[in-house]
Amino acid sequence: MANNILVIHGPNLALLGDREISIYGKFTLDQINQALEAVAKKEGVEIEIVQLDSEGDIVEKIGKAKKKFQAIIINPGAYTHTSVAIRDAVAAVGVPTIEVHLSNIYSREEFRHKSFVAPVAVGQISGFGINSYLLGLIAAIDMLKK
Ligand code: DQA
């Protein structure tokens with residue numbers, strides 16, 4: 001089976017490039033996706049990228065991931081800090097999941113210090129801007145090779 005990786009961008013991430021640039025950087029979501037596609041192509045893996053604003057849509061997408069995807073990279077956005085439902089979806093499907101954040105959530109407001117998803121993720125990458133996604137993808141590819 002071909003290695004197929006699902007990338008989920010959570011709420012408000014379609015606004016990147018315009019949104020709180022001092023925190024999230026100047027890259028648009030399209031630019032991040034192009035960079036991800038380039039790495040995927042180079043490494044010979046398939047990726048599907050979605051941006052979903054609603055919690056239910058994210059839960060549904062994760063819930064259907066088992067048949068098609070061998071790994072998930074997710075930036076759950078603000079749901080990171082609130083969503084038991086997304087955490088339960090990740091735990092339920094058992095597809096290895098890597099959590100990524102553009103900003104360092106631990107250097108920001110205290111309410112961002114808790115991630116509901118991190119305990120059921122393989123690992124978390126936080127604070128490297130666009131590179132958080134690229135590092136997440138490299139980690140996922142490496143994991144699938146083993
Ligand atoms: C974020 C961090 C979250 O706290 C925030 O709500 C986001 C983006 C990040 O990528 O740094 O929407 O997940």
Side-chain angles (χ1 to χ4, degrees), residues 3-43 45-66 68-144:
N3 282 333
N4 212 345
I5 298 170
L6 174 63
V7 179
I8 302 176
H9 302 289
N12 297 313
L13 294 169
L15 306 176
L16 289 177
D18 200 27
R19 172 194 185 202
E20 299 181 276
I21 288 173
S22 61
I23 297 172
Y24 298 118
K26 61 180 178 353
F27 291 106
T28 64
L29 197 63
D30 273 352
Q31 289 170 323
I32 292 175
N33 292 343
Q34 279 166 25
L36 286 167
E37 298 278 8
V39 172
K41 195 171 172 196
K42 187 165 162 264
E43 296 291 331
V45 298
E46 297 288 322
I47 57 171
E48 179 181 320
I49 305 175
V50 292
Q51 191 274 320
L52 301 165
D53 280 323
S54 107
E55 184 178 14
D57 289 346
I58 296 174
V59 168
E60 194 181 337
K61 190 74 193 173
I62 295 169
K64 290 180 178 159
K66 199 177 177 104
K68 193 166 169 198
F69 300 100
Q70 288 72 53
I72 299 172
I73 295 163
I74 183 167
N75 181 349
Y79 295 137
T80 307
H81 321 298
T82 62
S83 182
V84 177
I86 292 176
R87 174 208 179 107
D88 283 355
V90 170
V93 295
V95 177
T97 297
I98 296 172
E99 178 184 336
V100 300
H101 298 283
L102 295 151
S103 64
N104 177 354
I105 57 174
Y106 302 99
S107 68
R108 299 183 63 196
E109 304 95 324
E110 204 167 336
F111 66 84
R112 295 185 203 275
H113 295 183
K114 169 144 181 96
S115 168
F116 280 90
V117 178
V120 293
V122 179
Q124 184 198 64
I125 301 165
S126 173
F128 298 99
I130 187 173
N131 285 332
S132 292
Y133 280 97
L134 300 176
L135 290 166
L137 180 56
I138 290 164
I141 292 168
D142 203 52
M143 193 170 67
L144 295 181

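In listed order, ligands and their atoms are each counted from 1.
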**Pair E60 + K64: basic N to acidic O under 4.0 Å** =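 Judged by the 4.0 Å cut-off on N to carboxylate O distance, E60 and K64 do form a salt bridge.
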
I'd like a table of the close N/O pairs between ligand 1 and the protein (anything under 3.5 Å), one pair per line with both atom names and the distance.
unit_1	atom_1	unit_2	atom_2	d
ligand 1	4 (O)	H81	NE2	2.7
ligand 1	4 (O)	R112	NH1	2.8
ligand 1	6 (O)	A78	N	3.2
ligand 1	6 (O)	R112	NH1	3.1
ligand 1	10 (O)	N75	ND2	2.8
ligand 1	10 (O)	L102	N	2.8
ligand 1	11 (O)	L102	N	3.3
ligand 1	11 (O)	S103	N	2.8
ligand 1	11 (O)	S103	OG	2.6
ligand 1	12 (O)	R19	NH1	3.3
ligand 1	12 (O)	R19	NH2	3.1
ligand 1	13 (O)	N75	OD1	2.8
ligand 1	13 (O)	H101	ND1	2.8

With rounding to the nearest 0.5 angstrom, report the [atom1] to [atom2] distance, [X] to [Y].
X    : Y    : atom1 : atom2 : result
I47  : L137 : CD1   : CG    : 6.0 Å
I141 : I5   : CD1   : CD1   : 5.0 Å
N12  : L29  : CG    : CG    : 11.5 Å

**Request:** Answer yes or no: is there a donor N or O on one side and an acceptor on the other, between the side chain of Q51 and the main chain of G10, under 3.5 Å?
**Result:**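 Yes.
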
**Request:** Name all residues meeting the side-chain contact (heavy atoms from CB on, under 4.5 Å) criterion together with D88; count only those two or more places apart in sequence or in a different chain, and write none if there are none.
**Result:**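 Residues passing side-chain contact (heavy atoms from CB on, under 4.5 Å) with D88: V84.
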
